[in-house]
Amino acid sequence: DTEVTQTPKHLVMGMTNKKSLKCEQHMGHRAMYWYKQKAKKPPELMFVYSYEKLSINESVPSRFSPECPNSSLLNLHLHALQPEDSALYLCASSQDKGANSPLHFGNGTRLTVT
Amino acid sequence: GENVEQHPSTLSVQEGDSAVIKCTYSDSASNYFPWYKQELGKRPQLIIDIRSNVGEKKDQRIAVTLNKTAKHFSLHITETQPEDSAVYFCAASKDSGGSNYKLTFGKGTLLTVNP
């Protein structure tokens with residue numbers, strides 16, 4: 001069982017669609033992350049939220065829009081994506097955003113853009 | 001920024017043998033080094049980590065060693081089992097007062113344990 005829950009598990013969307021990925025954790029962690037992972041590659045950091053405020057944006061295109069409604073929830077809104085955006089999107093959380101806080105990953109959403 | 005090199009990219013061993021994966025890092029200020037295991041189609045899971053004030057850490061069949069002078073750290077798995085087959089990622093980060101914490105991953109090692 002994972003302590004970080006992501007929905008949906010799979011998503012297929014067209015380039016003109018708008019969709020959202022959702023992530024939830026109930027461990028009381030105050031830092032939450034979005035990573036993108038392509039096949040046979042390591043996870044790439046996209047966004048970091050700390051205490052519900054955006055802390056890091058790794059120069060991610062504006063077609064990806066993160067949102068942190070509260071300390072337990074993290075969303076990633078998707079709009080006008082490209083086929084090359086197809087990947088596994090991983091949410092993670094940690095106690096805080098310092099180096100003493102291991103990351104706990106969710107099972108991911110496998111996104112296919114057609 | 002930090003750069004983490006990981007070797008080998010693939011490793012095949014016989015069940016019961018040991019496996020060693022090595023990583024080097026570039027930023028001497030890095031002070032936290034976790035290892036993640038990712039089975040096919042699953043999420044990365046932390047299996048062991050080490051901080052820069054420690055030279056070695058062991059957890060059952062898994063151990064990690066850190067050489068700060070040489071800026072390299074290694075994962076050692078003894079008595080390998082087929083269920084150890086997965087991709088292993090090393091990573092490095094530094095605690096810069098919490099303002100720009102970022103985990104830099106190596107490219108991964110595909111470990112195959114043959115029965």
Side-chain angles (χ1 to χ4, degrees), chain A residues 1-7 9-10 21 23-25 27 29-51 53-60 87-111, chain B residues 1-7 9-10 21 23 25 27 29-54 57 59 64 66 86-112:
Chain A
D1 288 342
T2 179
E3 298 159 316
V4 179
T5 304
Q6 289 188 243
T7 55
K9 291 183 180 179
H10 302 274
L21 309 184
C23 175
E24 187 170 6
Q25 59 89 12
M27 294 179 282
H29 288 175
R30 303 316 301 263
M32 296 186 76
Y33 310 74
W34 281 114
Y35 281 84
K36 172 183 177 180
Q37 188 177 28
K38 298 284 251 184
K40 301 183 180 180
K41 300 287 186 183
E44 296 175 43
L45 182 64
M46 299 175 72
F47 303 103
V48 181
Y49 272 83
S50 178
Y51 291 84
K53 293 190 188 317
L54 184 62
S55 174
I56 297 176
N57 176 342
E58 288 286 293
S59 302
V60 179
L88 180 67
Y89 287 83
L90 292 162
C91 174
S93 70
S94 63
Q95 184 66 36
D96 59 45
K97 64 174 181 175
N100 290 323
S101 300
L103 292 179
H104 296 255
F105 285 94
N107 286 325
T109 293
R110 188 159 299 281
L111 174 67
Chain B
E2 174 68 282
N3 183 48
V4 177
E5 299 282 342
Q6 183 172 347
H7 299 280
S9 56
T10 61
I21 302 170
C23 290
Y25 61 99
D27 189 344
S30 288
N31 59 2
Y32 176 63
F33 307 93
W35 286 87
Y36 285 86
K37 173 185 180 182
Q38 188 173 24
E39 296 177 53
L40 187 63
K42 297 192 175 180
R43 63 191 172 99
Q45 287 189 277
L46 178 72
I47 55 171
I48 196 166
D49 57 10
I50 192 167
R51 293 181 172 83
S52 58
N53 58 345
V54 175
K57 184 176 178 181
D59 183 3
V64 57
L66 171 65
V87 177
Y88 291 80
F89 292 103
C90 64
S93 72
K94 60 185 176 184
D95 197 349
S96 57
S99 60
N100 283 304
Y101 168 67
K102 177 180 175 181
L103 202 58
T104 301
F105 286 91
K107 291 186 185 289
T109 296
L110 174 62
L111 173 65
T112 303

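FYI, side chains are in, hydrogens and waters are out, and symmetry mates aren't considered; it's all heavy atoms of this structure. So you know, we letter chains A, B, ... as the sequences are listed, proteins then strands, and number each from 1.
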Report the relative orientation of the aromatic rings in A:F105 and B:Y36; use parallel for angles under 30°, tilted for 30 to 60°, perpendicular for over 60°. perpendicular
Above 12 or not: heavy atoms from other molecules or residues under 6.0 Å from NZ of A:K38? yes
Heavy-atom proximity to chain A below 4.5 Å, by part of B:P34: neither
Which atoms of B:Q6 are under 4.5 Å from chain A, going by heavy atoms: the side chain, the backbone, both sets, or neither? neither
To the nearest 0.5 Å, what is the distance between OG (A:S101) and CG (B:L103)? 11.5 Å
Minimal heavy-atom distance between A:P42 and B:G106, with the atoms involved, is CB-O, 3.3 Å
From CZ (B:F105) to CD (A:Q37), nearest 0.5 Å: 8.5 Å
Under the criterion side chain to side chain contact (heavy atoms under 4.5 Å, CB included), I'd like the reasoning laid out for A:Q6 against B:R43: C-alpha separation, chi angles, the key distance, then a yes or no. CA-CA 11 Å; A:Q6 289 188 243; B:R43 63 191 172 99; over 6 Å; no
Could you list the residues that satisfy salt bridge (Lys or Arg N to Asp or Glu O under 4.0 Å) with A:E44, not counting sequence neighbours? none
